[in-house]
Protein chains: 2
Amino acid sequence: MGYTYQYPRPSVTVDCVVFGLDLAAEDLKVLLIQRKKDPFAGLWAFPGGFVEEDETLEESAKRELQEETGISRLYLEQLYTFGDPGRDPRGHTVTVAYYALVKLSDHTPKAADDAKAVDWFSVSKPPKLAFDHAKILKMALARLRAKVRYQPIGFELLPAKFTLSQLQRLYEIVLERPLDKRNFRKKILGMGLLIDLEETQKDVAHRAAQLYRFDEERYRGLVAEGFNFEI
Amino acid sequence: MGYTYQYPRPSVTVDCVVFGLDLAAEDLKVLLIQRKKDPFAGLWAFPGGFVEEDETLEESAKRELQEETGISRLYLEQLYTFGDPGRDPRGHTVTVAYYALVKLSDHTPKAADDAKAVDWFSVSKPPKLAFDHAKILKMALARLRAKVRYQPIGFELLPAKFTLSQLQRLYEIVLERPLDKRNFRKKILGMGLLIDLEETQKDVAHRAAQLYRFDEERYRGLVAEGFNFEI
DNA sequence: CCAAAAGTGTTCACGGTACACCCATGC
DNA sequence: GCATGGGTGTACCGTGAACACTTTTGG
């Protein structure tokens, strides 16, 4: 039994580079799965797998993520397609890579999954990666760093309610450079995209900060008028 | 005869959206091929075809372009991968789309190719396109318009020697808005990326303009120092 | 001498950047 | 009362935007 074609066909897979922000450790994390089988048994890889019939690439990416990590709600965007022959020793495989942003708080420990080793790693010192996943990670990071500056995707990494300091720390972690507090607040509040929730942090050992949420609706409205988000 | 696999596999193709700049007509053009066979016989499509074993996606794109249009030297960049089931009525086909920039002067008539209808069309009024190529064209245009502003790829569309007015017209055509002549010159010359060839236009019925060429080497040097090109 | 495009400076407004202190809260 | 982060305003500078006339060349 099998499927026969006149010409050879490469396999098509999707891979997801899932980013999460660890505010406590002030670190950007990536979600990886440890491979049980060869090739690259023991090394870590992005969640992903074969594209099935009758599903779009994005559906495929979401399905694999759900199956392998239980993650469902996320920001997902196509990154790049890698198809060098030799990138998979088992045969020509073209992989469509996606990158995803999730709220780490929604998907914390994960390690004790169904016998599968799934874990978050610092993007700055990841374990040894299978296939060409180190190259994919590098490209995903570059894309995230570029995109976070001109699209309000950073909010996808934060809890729904966040403080201005958390938002600033997010940008500092992703962009790997310090930002001036007063200028940051002036700029971000000036855009009018944050809704003051009239609610403050609880259980902090210092003055409690104001909580905000991102005004998605207003953002769409402003974009329609030609507004450009920029940090 | 044939190739048999345990699971069904989508076909993998590449498609190239080739842009050329028609300075005489002040128009941005795209290179299309008329389909002889069904599906979509008679409609126009981007050059492209199946990815073969043992070639990278980019090699594949270049090979198809060479075979179908004779074009070889060009700027080529991956655009996006389209894989919706149903985008090809013959079966699930994933296509990795590239976009390319060529110097139109090097590839002018083309129409009288080996019985194949190949022609340049204005991007603003293309003919009816096969498959989901209208969607791909739209995305390629958006990418070009965005990228031309922060990467010096526009030069790929101009002859090696060009005048400042031609360069300005290029940006005006691609961005679809007028630019101020004095500000444009101030900015572009201020970057120090143009080499004055100490040579002027010939055979023009008005004051001959100075010719320049893009200083690729200096651009790479500046980028290494953290320079960002921007129009 | 006329048509056509080349070439050239200045002013103004705005946004980015630099920078330091007081405030509220919990322990 | 002290440690910890929260919250605030102003001055300067550089860049982007607006804007009009003179020069050169060929026909």
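Letters A, B, ... are given to chains in the order of the sequence lines, protein chains preceding strands, and every chain is numbered from 1. Source: prediction; values computed, not measured.
Judged as a ring-ring contact (aromatic ring centres under 6.0 Å, His included), and not counting sequence neighbours, B:Phe229 has no contacts. The ring-ring contact (aromatic ring centres under 6.0 Å, His included) search around B:Phe121 returns B:Trp44, not counting sequence neighbours. Looking at residues two or more places apart in sequence or on another chain, you find no side-chain hydrogen bond (donor to acceptor under 3.5 Å, both in side chains) involving B:Glu64. For A:Tyr99, there are no ring-ring contact (aromatic ring centres under 6.0 Å, His included) partners, not counting sequence neighbours. Residues passing the salt bridge (Lys or Arg N to Asp or Glu O under 4.0 Å) test with B:Arg149, sequence neighbours excluded: none.
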Using a 3.5 Å cut-off and no angle test, enumerate the donor-acceptor pairs between side-chain atoms of residues 134-148 of chain B and protein atoms at least two apart in sequence or in another chain.
from, atom 1, to, atom 2, distance (Å)
B:Arg143, NH1, B:Glu77, OE2, 3.3
B:Arg143, NH1, B:Gln78, O, 3.3
B:Arg143, NH2, B:Leu79, O, 2.5
B:Arg145, NE, B:Val174, O, 2.9
B:Arg145, NH2, B:Glu176, OE1, 3.4
B:Lys147, NZ, B:Glu77, OE1, 3.3
B:Lys147, NZ, B:Glu77, OE2, 3.2

Between side-chain atoms of residues 153-167 of chain B and protein atoms elsewhere (two or more places apart, or another chain), which donor-acceptor pairs fall under 3.5 Å?
from, atom 1, to, atom 2, distance (Å)
B:Lys161, NZ, B:Glu199, OE1, 3.1
B:Lys161, NZ, B:Glu199, OE2, 3.1
B:Thr163, OG1, B:Ser165, N, 3.4
B:Thr163, OG1, B:Gln166, N, 3.1
B:Ser165, OG, B:Arg185, NH2, 3.3
B:Gln166, OE1, B:Thr163, N, 3.0

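Residues of residues 182-195 of chain A having a heavy atom closer than 4.0 Å to DNA chain C, listed by number: A:Arg182, A:Asn183, A:Lys186, A:Lys187. Near DNA chain C, meaning a heavy atom under 4.0 Å away, the residues from residues 196-209 of chain B are B:His206, B:Arg207, B:Ala209.
A salt bridge links A:Glu58 with A:Lys62: the closest approach of a Lys/Arg side-chain nitrogen to an acidic carboxylate oxygen falls below 4.0 angstrom. Using a 4.0 Å cut-off between charged nitrogen and carboxylate oxygen, A:Arg177 and A:Glu172 do not count as a salt-bridge pair.
Across all their heavy atoms, B:Leu57 and A:Gly83 have their closest contact at CD1-N, 3.6 Å.
Note on residues 215-225 of chain A: pairs passing side chain to side chain donor-acceptor pair (under 3.5 Å), not counting sequence neighbours, are A:Gln151-A:Tyr219.
One side chain, B:Thr95 or B:Asp15, offers a donor N or O that lies under 3.5 Å from an acceptor on the other.
Of all nucleotides in DNA chain C, those with any atom nearer than 4.0 Å to a heavy atom of chain B start and finish, going 5' to 3', at C:dA4 to C:dT10. A 4.0 Å heavy-atom criterion places the boundary nucleotides of DNA chain D facing chain A at D:dT4 to D:dT10, written 5' to 3'.
When heavy atoms are screened at a 4.0 angstrom cut-off, A:Thr163 is found touching no nucleic acid atom at all.
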